[in-house]
Number of protein chains: 2
Amino acid sequence: MTFQDCICFQLGTISRKITLDYRNKIAGYNLTHSQFFVLMAVLECEGLQPSHLAEKSYIDRATVTGLIDRLERDGWVERHRDVPDRRALKIYLSSKAKKHKKEFVAIFNEINGSFKDRFTGEEWEQLQYLLGKLEP
Amino acid sequence: MTFQDCICFQLGTISRKITLDYRNKIAGYNLTHSQFFVLMAVLECEGLQPSHLAEKSYIDRATVTGLIDRLERDGWVERHRDVPDRRALKIYLSSKAKKHKKEFVAIFNEINGSFKDRFTGEEWEQLQYLLGKLEP
DNA sequence: TTTATATAATTTGCATGCTAATTATATGCA
DNA sequence: TGCATATAATTAGCATGCAAATTATATAAA
């Protein structure tokens, strides 16, 4: 029994490796792994507030602020203060991002598919079930 | 099909949640998740070089430098230049860390056990097998 | 209406984690 | 020996990610 056998360690390691793998596939868009996921979240449902994006993505609000900062800086999303509640924001895709919408979905499906393809349908179900049991 | 169903996203999320969970358990020692793993690596085999620790932990050398910096700052490990090759270092436990050796092993086993307990032996085997298939 | 409390987003501070560049030392080859 | 190349560790720069504090606005209660 060594620390490498610890499930916590293993998950972190695999997660990091996959992140690197991901990067190569979206390198052309100059997006990071996390940025890509937030962009997918906006793409799936435009006009969400940063706090809702944080909830959907299971990351901290402060982290979302930074992610949106950089997505906005690079021209992928826009912040709009068009909510009755003047504290809140809504996040929309930029026109540039809209142009690439279909490509993003395709890349997403390709990446997930490349992992899914390694398993039988039954194994995939089993993996989802077992991962679910790991949630704290 | 939404981005939350992507296995890459799921692994990252679970991994982050577990990291937080971990923190509470080692909070008394003021160690982070990653510091704890590096400390376990040193504990398992003293005198390893930073580059070997990086290899064992599947993290970058530059990251190891920072981790050792903080572990040394907080008095858990020591850097020794007692290798024929004067470029290299060896990392040893401090006497303070040695005093807590048994506790660290116990905490480690307790944490890993708390996850393992959620599965049957067969499920655990299956999880290891399925995670292995995810490696890029 | 005024005050206390709550909420949305941001900022600050710190610890990963990676890549690329740098420094110091070894080694191999002419 | 002298020079090119390789290697160990570090540094610098950037992007997560979290906790705690801050700012601006809403809402509830006195």
Side-chain angles (χ1 to χ4, degrees), chain A residues 8-9 12-24 26-27 29-39 47-55 57-74 76-77 79-91, chain B residues 8-9 12-24 26-27 29-39 47-55 57-74 76-77 79-91:
Chain A
C8 320
F9 177 81
T13 301
I14 297 177
S15 181
R16 256 179 289 120
K17 283 187 185 171
I18 288 180
T19 299
L20 289 184
D21 197 51
Y22 228 97
R23 180 160 49 202
N24 303 323
I26 52 178
Y29 297 95
N30 206 30
L31 287 163
T32 68
H33 179 250
S34 301
Q35 285 168 13
F36 186 70
F37 280 128
V38 170
L39 200 51
L48 283 180
Q49 295 178 9
S51 51
H52 299 149
L53 285 171
E55 213 175 323
S57 310
Y58 303 107
I59 48 180
D60 195 84
R61 279 192 201 186
T63 303
V64 166
T65 295
L67 281 164
I68 295 175
D69 278 348
R70 288 175 289 277
L71 282 171
E72 195 174 37
R73 177 198 67 192
D74 297 341
W76 297 111
V77 302
R79 275 184 244 240
H80 288 265
R81 194 141 240 153
D82 58 1
V83 203
D85 185 337
R86 284 178 44 68
R87 293 168 301 180
L89 292 172
K90 284 189 177 180
I91 309 299
Chain B
C8 321
F9 177 81
T13 301
I14 297 178
S15 180
R16 256 179 289 119
K17 283 186 185 173
I18 287 181
T19 299
L20 289 185
D21 197 49
Y22 229 97
R23 181 160 49 202
N24 304 323
I26 51 178
Y29 298 94
N30 207 30
L31 287 163
T32 68
H33 179 251
S34 301
Q35 285 168 14
F36 187 70
F37 280 128
V38 170
L39 200 52
L48 283 179
Q49 294 175 205
S51 50
H52 298 149
L53 285 171
E55 213 175 323
S57 309
Y58 303 107
I59 48 180
D60 195 84
R61 280 191 202 186
T63 303
V64 166
T65 294
L67 281 164
I68 295 175
D69 279 349
R70 288 175 288 277
L71 282 171
E72 196 174 37
R73 178 197 66 192
D74 297 341
W76 296 111
V77 302
R79 276 184 243 239
H80 288 266
R81 195 142 240 152
D82 58 1
V83 203
D85 186 337
R86 284 177 43 67
R87 291 168 302 181
L89 293 174
K90 284 189 177 181
I91 309 298

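To find a chain, count down the sequence lines: A is the first, B the second, and so on, and within it residues start at 1. The basis for the numbers below is simple: all heavy atoms, side chains too, and nothing from hydrogens, waters or symmetry mates.
In this structure B:R86 satisfies the side chain to side chain contact (heavy atoms under 4.5 Å, CB included) test with no other residue, sequence neighbours excluded. In this view, A:D74 satisfies the salt bridge (Lys or Arg N to Asp or Glu O under 4.0 Å) rule with no residue, not counting sequence neighbours. Annotation: ring-ring contact (aromatic ring centres under 6.0 Å, His included) contacts of A:H80 (sequence neighbours excluded): A:Y92. Residues passing the side chain to side chain contact (heavy atoms under 4.5 Å, CB included) test with A:T13 are A:F9, A:R16, A:K17, B:Y58, sequence neighbours excluded.
The phosphate of D:dG17 has OP1 or OP2 within less than 4.0 Å of a side-chain N or O from A:S34. Between A:T19 and the phosphate of C:dC18, there is no side-chain N or O to OP1/OP2 separation shorter than 4.0 Å. Taking only side-chain nitrogens and oxygens, A:T63 comes nearer than 4.0 Å to OP1 or OP2 of D:dC18.
Comparing A:L67 and A:P84, the nucleotide of DNA chain D nearest to each residue sits closer to the 5' end for A:L67.
Here the nucleotide nearest the side chain of A:R23, chosen from C:dT16, D:dA15, C:dC18, is C:dC18. Of the candidate nucleotides C:dC18, C:dA26, D:dC18, C:dA26 has the atom nearest to the side chain of B:R86.
Between B:D74 atom CG and C:dA15 atom C1' there is a gap of 11 Å when expressed in whole angstrom units. One atom, CG of B:L20, and another, C1' of D:dA20, lie 15 Å apart when rounded to the nearest Å. Separating the OH atom of A:Y22 from the C1' atom of C:dC18 is a distance of 18 Å, rounded to the nearest angstrom. Between the C1' atom of D:dC18 and the OH atom of A:Y58 lies a distance of 18 Å, rounded to the nearest Å. Rounded to an integer number of Å, the gap from CG of A:L71 to P of D:dA15 is 11 Å. As rounded to whole Å, 14 Å separates atom P of D:dA15 from atom CD1 of A:I26. Atom CD in A:E55 sits about 11 Å away from atom P in C:dA9, given to the nearest Å. Between the P atom of D:dA15 and the CD atom of A:Q35 lies a distance of 8 Å, rounded to the nearest Å.
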Q: Starting at the 5' end of nucleotides 2-14 of chain D, put B wherever the base has a protein heavy atom under 4.0 Å, S where only the sugar-phosphate does, and a dash everywhere else.
A: ----BBBBBB---
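Here the side chains of A:Q49 and A:I91 are not in contact, with every heavy-atom distance at 4.5 Å or above.
Side-chain atoms of B:R81 come within 3.5 Å of backbone atoms of B:R87 as a donor-acceptor pair (strictly under, hydrogens ignored).
Residue pairs satisfying the side-chain hydrogen bond (donor to acceptor under 3.5 Å, both in side chains) criterion with at least one member in residues 59-71 of chain B, sequence neighbours excluded, are listed as follows: B:D69-B:R79.
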